[in-house]
Amino acid sequence: QVQLVESGGGLVQAGGSLRLSCAASGRTFSTTVMGWFRQAPGKEREFVAGINWSGGGTRYADSVKGRFAISRDNAKRTVYLQMNSLKPEDTAVYYCAGANTNAVLTPFSQYGYWGQGTQVTVSS
């Protein structure tokens with residue numbers, strides 16, 4: 001079991017940066033694939049980025065490649081999402097998620113652990 005709590009969301013101007021954090025509790029965090037998803041009003045939840053248990057494997061949605069970076073610190077039981085060059089279309093509720101898989105998968109149905117979400121709003 002893994003419990004997740006996100007933080008770091010807020011309001012930022014286009015071109016700015018934010019860093020989201022996801023604090024996890026539970027003994028299996030260090031072996032859990034972690035991901036970030038987002039959901040904008042009226043849209044489906046979409047994969048943003050994922051990282052394997054060691055941190056050596058990452059995967060990104062095409063829309064955020066080169067702007068966002070996911071990382072994890074297993075000693076602190078925390079996963080991060082550094083978001084740079086933010087655009088208004090990045091506005092959404094961002095969710096941290098965990099999956100008991102070996103590979104970073106993109107469908108949200110593959111993730112069994114979810115945080116409550118944190119709002120990110122990018123103004124133009």
Side-chain angles (χ1 to χ4, degrees):
Q1 290 287 344
V2 177
Q3 293 79 44
L4 306 172
V5 178
E6 304 97 334
S7 61
L11 173 64
V12 64
Q13 288 188 332
S17 298
L18 281 175
R19 189 175 81 155
L20 305 183
S21 298
C22 174
S25 60
R27 294 186 296 174
T28 61
F29 173 78
S30 62
T31 60
T32 302
V33 165
M34 299 299 297
W36 286 96
F37 289 75
R38 67 187 181 186
Q39 188 166 18
K43 294 188 177 181
E44 291 188 350
R45 191 170 298 191
E46 64 174 356
F47 174 84
V48 175
I51 189 167
N52 69 355
W53 69 271
S54 69
T58 58
R59 191 171 180 179
Y60 295 93
D62 288 343
S63 59
V64 306
K65 280 182 182 176
R67 299 189 298 123
F68 290 11
I70 188 171
S71 61
R72 68 189 295 164
D73 185 333
N74 287 339
K76 295 183 178 180
R77 297 176 179 270
T78 302
V79 63
Y80 305 97
L81 185 67
Q82 178 66 44
M83 305 186 295
N84 300 324
S85 302
L86 282 161
K87 304 175 181 180
E89 51 264 44
D90 294 318
T91 295
V93 177
Y94 282 70
Y95 297 90
C96 176
N100 291 325
T101 61
N102 293 322
V104 177
L105 304 176
T106 60
F108 67 82
S109 60
Q110 297 296 319
Y111 291 75
Y113 309 115
W114 291 89
Q116 82 288 352
T118 186
Q119 177 70 46
V120 171
T121 303
V122 184
S123 63
S124 57

Shortest non-hydrogen separation from Thr78 to Ser21 and the atoms involved: CG2-CB, 4.3 Å
Option from Thr91, Leu18, Leu11 for which side-chain contact (heavy atoms from CB on, under 4.5 Å) with Val122 holds: Thr91
Main-chain N/O of Trp36 paired with Tyr111 side-chain donor or acceptor, under 3.5 Å: no
Minimum heavy-atom distance between Tyr95 and Gly115, given as atom pair plus value: CD2-O, 3.7 Å
CD (Gln116) with more than 12 external heavy atoms under 6.0 Å: yes
side-chain contact (heavy atoms from CB on, under 4.5 Å) between Phe108 and Gln39, worked out: CA-CA 11 Å; Phe108 67 82; Gln39 188 166 18; over 6 Å; no
Beyond-backbone contact of Asn100 with Thr32, side-chain heavy atoms, under 4.5 angstrom: yes
From Phe68 atom CZ to Leu20 atom CG, the distance as rounded to the nearest 0.5 Å: 8.0 Å
Non-hydrogen atoms of Ser17 and Asn84 that approach each other most closely: OG-OD1, 2.9 Å
Shortest non-hydrogen separation from Ala24 to Val2 and the atoms involved: CB-CG1, 4.0 Å
Check: Gln13 side chain, Ser123 main-chain N or O, donor-acceptor pair, under 3.5 Å: no
Pairs where residues 42-61 contributes a residue and the test ring-ring contact (aromatic ring centres under 6.0 Å, His included) is met, not counting sequence neighbours: Phe37-Phe47
Contact summary for Val12 and Gly16, nearest pair of heavy atoms: CG2-CA, 3.9 Å
salt_bridge(Asp62, Lys65) N-O dist < 4.0 Å: yes
Joint cluster assignment, Val33 & Ile70, ILVMFWY side-chain distance < 4.5 Å: no
Under 3.5 Å side-chain donor-acceptor pair for Tyr80 and Asp73: no
Heavy-atom donor-acceptor pair, Asn52 side chain to Gly55 backbone, under 3.5 Å: yes
Arg59 side-chain N/O to Val104 backbone N/O, donor-acceptor pair under 3.5 Å: yes
Closest non-hydrogen atom pair between Val48 and Tyr94, with its separation: CG2-CE2, 4.3 Å
Set of residues satisfying salt bridge (Lys or Arg N to Asp or Glu O under 4.0 Å) with respect to Arg19, sequence neighbours excluded: none
From CA spacing to verdict: side-chain contact (heavy atoms from CB on, under 4.5 Å), Asp90, Arg38: CA-CA 9 Å; Asp90 294 318; Arg38 67 187 181 186; 2.9 Å; yes
Check against side-chain contact (heavy atoms from CB on, under 4.5 Å), Met34 and Cys96: CA-CA 7 Å; Met34 299 299 297; Cys96 176; 3.5 Å; yes
